[in-house]
S.K.: 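Structure in structure tokens, see below.
All values below were derived from every heavy atom in this structure, side-chain atoms included, with hydrogens, water molecules and symmetry-related copies excluded. Residue numbering restarts at 1 for every chain, and letters A, B, ... go by the order of the sequence lines.
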Amino acid sequence: MDEGLRSELSKQGIFTSTLEDLYNWGRQNSVWPLQFGLACCAIEMIATSMARFDLARFGAEVFRPSPRQADLMIVAGTVTKKMAPQVVRLYNQMPEPKYVIAMGACAISGGPFKQGYNVLKGIDRFIPVDVHIPGCPPRPEALLHAFMTLQQRIDGQRLTGKSRPRHLNAEAPSEFPVPQFGAKDLEPPFNPEVWQPPRLVRSE
Amino acid sequence: MGNPVDQIFVILKHWLLSFCPEGYVPIASILLSVIPIMAVFGGLFALTTILERKGLGRIQNRYGPNRVGPCGLFQPIADGVKMLTKEDIVPRAADQVIHFLAPFALIGPVYIAYSVLPVGRNMAALDLDAGLLFFFAVGAGSELAIFMGGWSSRNKYSLLGAMRAVAQMISYEVPLILSSVPVIMLAGSLSPTAIVDAQGGHSHGLMQWHLFTPWGIAGFFLFMIAASAEANRTPFDIPEGESEIIAGYMVEYSGFKFALFFLGEYLGLFAICGLGITLFLGGWHSPFVFLEWIPSYFWFFGKLMAMIFVFIWLRGTLPRLRMDQLMGFGWKFMLPMTLLNILVAAIWHLSKTWLFPGVYLTRWALCLGILCAAYVWLGRSLAGNRSVGKRVYRFAD
Amino acid sequence: MLGEGIIKGMAETARNFIGSYSDPERLVTVQYPEEHIPAKQNARNFPFLVFDVEDPVAGLRCVACKICEKECPPQCIYIVMDRDDKGKPCKHPKVFDIDVSVCMSCQICVEVCPFDAIKMDTEFELSETNRYGGLLLTKDRLSKSNEYYHKIHSVEAAEVDARLADEKAKAEEKVKAKLAAAATAKAAAQAAKPVAG
Amino acid sequence: MTTEYDPYLFLAVFLGIALVFPLAPLGLARLWAVLYSNNKPGPIKNATYECGLESKGDARVQFRSDYYLYGIVFLIFDVEALFLLPFAVAFTGLPMGAIVAMLVFLLLLVEGLVWAWKKGVLSWT
Amino acid sequence: MTTLNQYLIVSALLFAVGLAGALTRRNAILVLVGIELMLNAANLNFIAFWRFGPNPELLRGVMFVVFSIGIAAAEAAVGLALIIAVYRHYKTTDLNRMDTLKG
Amino acid sequence: MMPMQTLEEIKKRLESAVPGVCVEIVSNDSPCQQRSLLVDRDHGPQVAAWLRRDDALRLDYLSNVTGVDWPEVVTKQKIKVKRKVDGVEKEVEEVVQTRSGGYLEAVYHLYSMELKQGAVVIRMRTGDRDQQNKLPSLTPIWRSAELQEREIYDLFGIVFEGHPDLRRILMWDGFEAHPMRRDYVEPDDYEYEPTPHDSVLAKAKAHYPPEVAP
Amino acid sequence: MTISFIIICCIVAVGAIAAMSLRNLVHCALCLTVSLAGLAALYLRLEAQFVGFAQILVYIGAVAILIVFAILLTRSNEPDESAVPRAGSWSGVAGVAVALVVFGTLVLSILSSSVGKTDLPASPGATVKDLGNQLMTHYVVPLEAIALLLTSAMIGAVLIAKPDKLRAGRVVKGGGEHASGT
Amino acid sequence: MKTTVVEPPVPSGAPVGLPAGDGRFSLLPKTSFDGRVETELLEVAMGPHHPSTHGVFRMDVVLDGETIVKLKPVFGYLHRNHEKIAENVSYLASIPYTDRLDYLCSMTNNWAYALSVEKLAGLEPPERAEYIRVIMAELTRLANHVCLIGFLAQDMGALGTPLMYGFREREKILDLFEALSGSRMMCNYMRFGGCRLDLPPGWVREARVVVDNFPKFLEEFDNLLSGNEILMARTQGVGVLTAELAVNAGITGPMLRASGVNYDIRKVDRYGIYDRFEFRVPLGDHGDVYDRYMIRLLEMWESLKILRQALDDIPEGPVMDPNAKIRNFKPKPGECYERIEGPKGELGFYLVSDGGANPYRYRVRPPSLVNLTVLEDMCLGHNVADAVAILGSVDIVLGEVDR
Ligand code: SF4
Ligand code: SF4
Ligand code: SF4
């Protein structure tokens, strides 16, 4: 795809923007999660898809067991170091566009178990996370809320231009290296391309 | 023939054809038949997916998709848009060519099976003398397509799923064909149109659907069981048995190819339901004479929707069988029953010539008796030496 | 083995299907963004700090004693005590951070706080795209008024208020008593003085 | 009945269209991919899926012969059904003798079925 | 219009291809496939001769082919079963290797 | 049902039933008073088999198997001793070192499902924590020890001889430590800690550039 | 010679040649089905509707499946280097040569005979009903014979393919009672 | 029930193969299985991401066709170092962690832990607290069993309907928990020496409503599943566990009782105040998946009985032992093992105190893990689909298996 054609297309602003609207509308209303649960939060995730909360109302009850057909990975639960490579691999095997919701304290940061030697301190060390839901476990409504947050996020994504999301950018990676099991820890312990410890300014 | 509302599509087609230059009439006519079939059943697929999801939701005490568009009816469109824009992954180890061709091999045969289905009065695209045979023959093609999909993915689960699917489909194909043999015998034709016509008569206000005979009832149920196995529907959805082999032969399919497999499955379901309607439920005939005024295609599609609803209902209720039980059921129950049903149909036909009072009831009793006895006996033997059944439990204090 | 069980099951699902149109028991869905399940009295999600008077800074009940910091099982509270210019600690937190991305909503901080300064919030709509800025709750985000506390846990808040008032009264009494004692002592001393003198 | 066309021509055209039909969305998807979001294959993404683990061993191993046994029985009964169909069509006009002949035909095959049943061929192990 | 000859040539071609395959391929299954092809070539001949021959209403050719299909099915079943049985013994479907492994 | 035999009785009968065995009763001063039998490791399986078969005990159910790490602790105690210093008897303070621990321990909780009694606790100790870290496996006697002993092997590093499948169970195979030991050092992966404390703070600090260190 | 005939012939020929020359046996089987489908189309062109569909039903629906099963059962689904006749292989060349000779003689004899020049006679209009009547009257004996043949073929094939001694000693251990099929 | 002493069964095979990358062992034997296997063996990993492994469990299975000839469970994907963490925090701070052990039954976990600490330190909870604990434990049992049955049905391919119904009822119980403790799942409710809070006003009434409505639901379940021919065919005679093996392998809970062994710790140890309630222990005779399913169903009826009695008899009074110290709690040196009948089996806590504020050794005896010992024995010779059902009937929760 040459740049010329692309700029030609972007000139046809209306076409692109309606296309963008359609694209975003389709994506945001048909987010199929990967059937994937890790720990306690998974139970709340299941509860969310059950009758009382009914994730299906948003068209998202199609929990696909195969990553090939899923759009959304809900990392629901503690990611242990033993499990982390598998999670990353599953993420890699999902087709673009794909989203990640880190559900619960454990998935975001290791949560209550972050002091453990086998617990990964946040899945965002290896894969990019779109929405974080704090809570332990987050209430099912919180997952629904996160889901709507994700929908809004999708809605705001541009089809072209600099600010276009990762999956529309040919240069941006869509798979990330899978960490290896080391003698003491995962190797590498985090992926600097995805995650870097933020600067922490703190007054004593 | 018939009222204009009933024939509106036929009339419309002819009217459109009248604009067509002479030499092109056949091809235009073909297109005018083909395109509506594809569009209508394609649309029905979209509608069914959402209805299924909503129906399952209701069975499960919830709403189901209800946010996208009015009542969530645009859900399939959104799904379609998403699938269309999804990345398409072909595993490295896969057999690229066959992986690509498999969805085509599924959609093609499944679609052309519709050409012999009469969806309304004068609304069969083709009237083949060996129409039913054509239908079955073409249906066999989908087995290979599924095998292609599963084998080419080179994934353990998908290969297992494909082998299961093929084994299942061949096992239930024989009962499927045999269960329609009684209808063919009594209708005396392999042409679906003729079979529907054969059910057009009526007595006491009730149409003479084949369903309203003892062999018809049995045949219908046997046919529908075989049909649900052929279409991989619960409780025979083992090829996709999520809890065992992830997504069966579709594990490695993503994006729209996956959607095509889905489409193929549903189209197969509609086709086989349509055939069931044609064979046993009087095709586009209404059940009662006084309802004949309702256009025929409404009847056909109404019956189709009703059957689809039953399938959804089943899907919401039943667990799935195990592979060995499935095969056992197919060969040790379905096949003997269908064979017996042929015999019963023959008896039913031959006993028509009997003449004594109460003959009608006697015939019914005889035929039903044979069928029921066989049913009980075969059902028992199916449970077999494992003594499957209700149990009593002890309690300790 | 003749299909009765299947038919029974089908009847059951049919009952539910039809029931979902007529019987609220059978359609239990709460359509979340529009409808809410009413929050329970005791419901808890993340802690917040209670302030009393209208002032979210000075009114904080927390005295930065760091008990909660110590007891919090996953160690997600971070407190720095405020110091005045001379470096003398003044019973007030300068920094009070709770990392809700770690907090396990266990309520232990609430339980151990001797000053009823930290309580559990019921807010759960905290989904964030930004983990670092959004999920580290600082003092200003944590401080909520006593009215708010009353709103979410009316029974408990009333109890706490009564207890605090009680304690306050007792403390005042004590102070008064002390003062009085001091006064009497003084008086006594004064009375004694001349004797001594 | 509309008979403006040759049935086989119809079938050919229908089959052609049905085979091409999936091309439309797939082409559209391809176009989309080319225009906006390129496929980004990768060594892990395009690896075989196996429950999140690295796939080990080849999927294409030898299967068990049960499949084949069912295949044989199926083939035989498929052919049987093939012979049944013309009989069924002609059934109403046939003399008793023909019906008996068919019965014999069926019984012969049923005998095979019973044999297979007894031999446990129809029991999936 | 197509003539009988053309059908016969197609049939001959099919036969030749099947023959070539059966003779050259060393995999027993493919040899069987070649034989199937030859059989089908014969079937095509029957149908063509029936269609172009006298008395088509007697359906001789059609009947013959219907029976032939049945026989071919039986043949395929037995043939493949043999191959499987041999494979189980020698772990190969290569005819040459089967030869050498004999005994 | 007869009340269960006391530990002393069991010990006595055990000593006569299994020749050469060396059993000790380990006391327990906490209010629950669950005392246990310390069995020497060479006779472990025989003792176990006897306990399982003995008619009065019938300890057919092994409930809980666990390991405890007792690193060597040197407790220093100052005691005053009288000694002659320079010929003069004087009271001097002397430091007495008592060494305790320095071994790994496997604890088995046994019950009887048949007689509905229990628990009898037996324990075995390894020679030390590094080289002589072997104990006999009781899996051949009670299957329920299979996974739990594997777990102890994984987390504590006790090698159970005679265990049918002694592999790591919870950690991955290339993992090189026994994390439940008390001297295990956790991997240092506190790259980001918004609310660090004590040791975590120290670890986290190492990862921050000096100007942002908390 | 019409276009449709040419197309169908191409399909048949290409399918057959591919089936005989491809490396991967599953591909061969799939090509065989294509070829057989083309053949079915030829039958249809010759107005043998029943045979045409029967061809699809039996060959594509069953024989092809059986072949595929056999391929997977014998693990010959992998490309086999030795399967394709190498250029210098004597037997390969000889096989092709024999086939060519046969083809040549057949074509020569076909072209030299005068039978084949006749044009298509009028449609016989054979319906399935006629077929059924013929079958149940004139062809009853072959019918019974074929039933016998099929049954014996099935029994034979099953006996050959069935791993008898293996089945008896299937591994069953542990607490699991071996569940035989229902 | 008299169990005969049998020779200990030989534990399933010796380890084979070498570790491959990704921590995978090759289970394929170098030589064939005594030449008895006719096809090539297919080694399939089921899990850690697999729809039916209830989280992140993994079974490496070797298939002969579709028959399982070898099955090795692989653990540790949810090893969250619970024990290590508990040894580094105070006795109090472990309680919220016990919630997350078996995250479907936080209340019983709390209880087991509280019981152990109470025994270790010699605390006595007041009577009302004991009643509350029984009520909570039985409610938890209900919630756990409905989930389990739902999952089991889903594993066998029922498209979530039983699971949905189960969760519908579970939500009602969770509402009760939330009203009491503030959280749906992670109750963190019990303390050593009693319970954290008293029942809120009106709670008993609400609980009674739930308990009274529950039989209706159980009957619904019965109609939907128990008599279903497909379910019966899939579960009866599948995954049989003999009483001998069950006892020897330390199986506990409904699984043990499905094998016919009458051993219910509520009856044996009579911990808490279980001796005050009338209830029976259902026992199965076949020890197959169906029995395990039915035992749980019947157990729910008994739980309802207990609940009714407890809700009727619950006395007034304090809920906390006034002597109990929550903060700076330092029990005397010593050790203690106490166990309760959790919904999944015997859940015990083994605590060693060295007199400090943290336990010196903290160990959970996880019923799920021990119950998995016999997974291979139950699965051998069965189909893959059966393995899924068998695993479902074992009722594991990974948080507890791996801790
Ligand atoms: S965040 Fe809490 S509930 Fe969720 S997995 Fe972690 S510990 Fe469990
Ligand atoms: S609720 Fe628990 S985890 Fe959260 S801040 Fe308080 S003590 Fe810490
Ligand atoms: S919240 Fe309470 S316990 Fe925590 S520092 Fe403030 S006063 Fe102390």
Side-chain angles (χ1 to χ4, degrees), chain A residues 40 48 50-58 99-116 119 121-124 128-153 156 195-200 202-204, chain C residues 16 19-20 25-40 43-47 72-76 78-83 87 93-95 97-108 121-139:
Chain A
C40 359
T48 315
M50 293 293 144
R52 184 128 177 241
F53 302 97
D54 196 14
L55 191 57
R57 290 174 294 128
F58 302 91
Y99 325 103
V100 177
I101 290 183
M103 180 183 185
C106 287
I108 305 176
S109 68
F113 293 98
K114 70 166 189 216
Q115 303 150 54
V119 175
K121 291 169 183 56
I123 188 60
D124 57 353
V129 176
D130 293 276
V131 180
H132 304 263
I133 323 170
C136 182
R139 288 184 64 84
E141 290 103 321
L143 180 55
L144 290 177
H145 181 258
F147 192 77
M148 292 186 299
T149 313
L150 180 68
Q151 286 185 326
Q152 278 158 17
R153 190 182 157 93
W195 184 84
Q196 249 155 4
R199 294 164 69 91
L200 191 72
R202 166 143 292 167
S203 57
E204 193 57 52
Chain C
N16 274 288
S20 75
E25 274 272 288
R26 297 244 192 245
L27 187 63
V28 290
T29 311
V30 180
Q31 305 219 42
Y32 159 63
E34 294 89 28
E35 305 164 18
H36 285 266
I37 298 173
K40 302 275 183 316
R44 59 179 146 102
N45 208 22
F46 294 120
C72 169
Q75 307 264 290
C76 65
Y78 180 80
I79 301 170
V80 176
M81 194 187 266
D82 207 1
R83 286 168 193 272
K94 180 171 159 205
V95 177
D97 289 350
I98 292 182
D99 188 1
V100 290
S101 74
V102 173
C103 171
M104 68 200 285
S105 316
C106 64
Q107 205 173 7
I108 283 184
D121 203 346
T122 51
E123 174 73 32
F124 56 80
E125 288 163 332
L126 290 160
S127 302
E128 262 295 340
T129 49
N130 169 11
R131 165 178 165 190
Y132 302 113
L135 295 181
L136 184 66
L137 300 189
T138 49
K139 197 172 68 179

S.K.: I want to check something: taking the side chain as every heavy atom from C-beta on, are Phe124(C) and Ile133(A) in contact at a cut-off of under 4.5 Å?
M.R.: no
S.K.: Using every non-hydrogen atom in the two residues, find where Gln75(C) and Gln115(A) come nearest and quote the distance to one decimal.
M.R.: CG-NE2, 4.4 Å
S.K.: What heavy-atom pair brings Ala142(A) and Ser127(C) nearest, and what distance separates the two atoms?
M.R.: O-OG, 3.6 Å
S.K.: Please say which of Glu141(A), Met148(A), His145(A) ends up in a side-chain contact (heavy atoms from CB on, under 4.5 Å) with Glu125(C).
M.R.: His145(A)
S.K.: Between Leu135(C) and chain A, with a heavy-atom cut-off of 4.5 Å, which part of the residue counts as in contact: side chain, backbone, both or neither?
M.R.: side chain
S.K.: Please look at Thr149(A) and chain C and tell me whether the side chain, the backbone, both or neither of the residue comes under 4.5 angstrom of a heavy atom of that chain.
M.R.: side chain
S.K.: Sort by residue number and list every residue of residues 99-107 of chain A having at least one heavy atom under 4.5 Å from chain C.
M.R.: Ala105(A)
S.K.: Mind listing the closest non-hydrogen atom pair of Ala51(A) and Thr29(C) along with its distance?
M.R.: O-OG1, 2.8 Å
S.K.: May I ask you to test the Trp195(A)-Arg131(C) pair for a side-chain heavy-atom distance under 4.5 Å?
M.R.: yes
S.K.: Do Arg57(A) and Tyr32(C) make a side-chain contact, defined as non-hydrogen atoms from C-beta onward lying under 4.5 Å apart?
M.R.: yes
S.K.: For Pro138(A), which atoms come within 4.5 Å of any heavy atom of chain C: side chain, backbone, both, or neither?
M.R.: neither
S.K.: May I ask you to name which of Pro137(A), Pro112(A), Gly135(A) has the most heavy-atom pairs under 4.5 Å with chain C?
M.R.: Pro112(A)
S.K.: Where is the tightest heavy-atom contact between Ser101(C) and Ser109(A), given as atom of each residue plus distance?
M.R.: O-OG, 2.6 Å
S.K.: Does any non-hydrogen side-chain atom of Arg52(A) lie less than 4.5 Å from one of Ile37(C)?
M.R.: yes
S.K.: Quick check: closest heavy atoms across Pro74(C) and Gly111(A), and the distance to 0.1 Å?
M.R.: CB-O, 4.3 Å
S.K.: Please check this pair: side chain of Arg153(A) against backbone of Thr129(C), looking for a donor-acceptor N/O pair closer than 3.5 Å.
M.R.: no
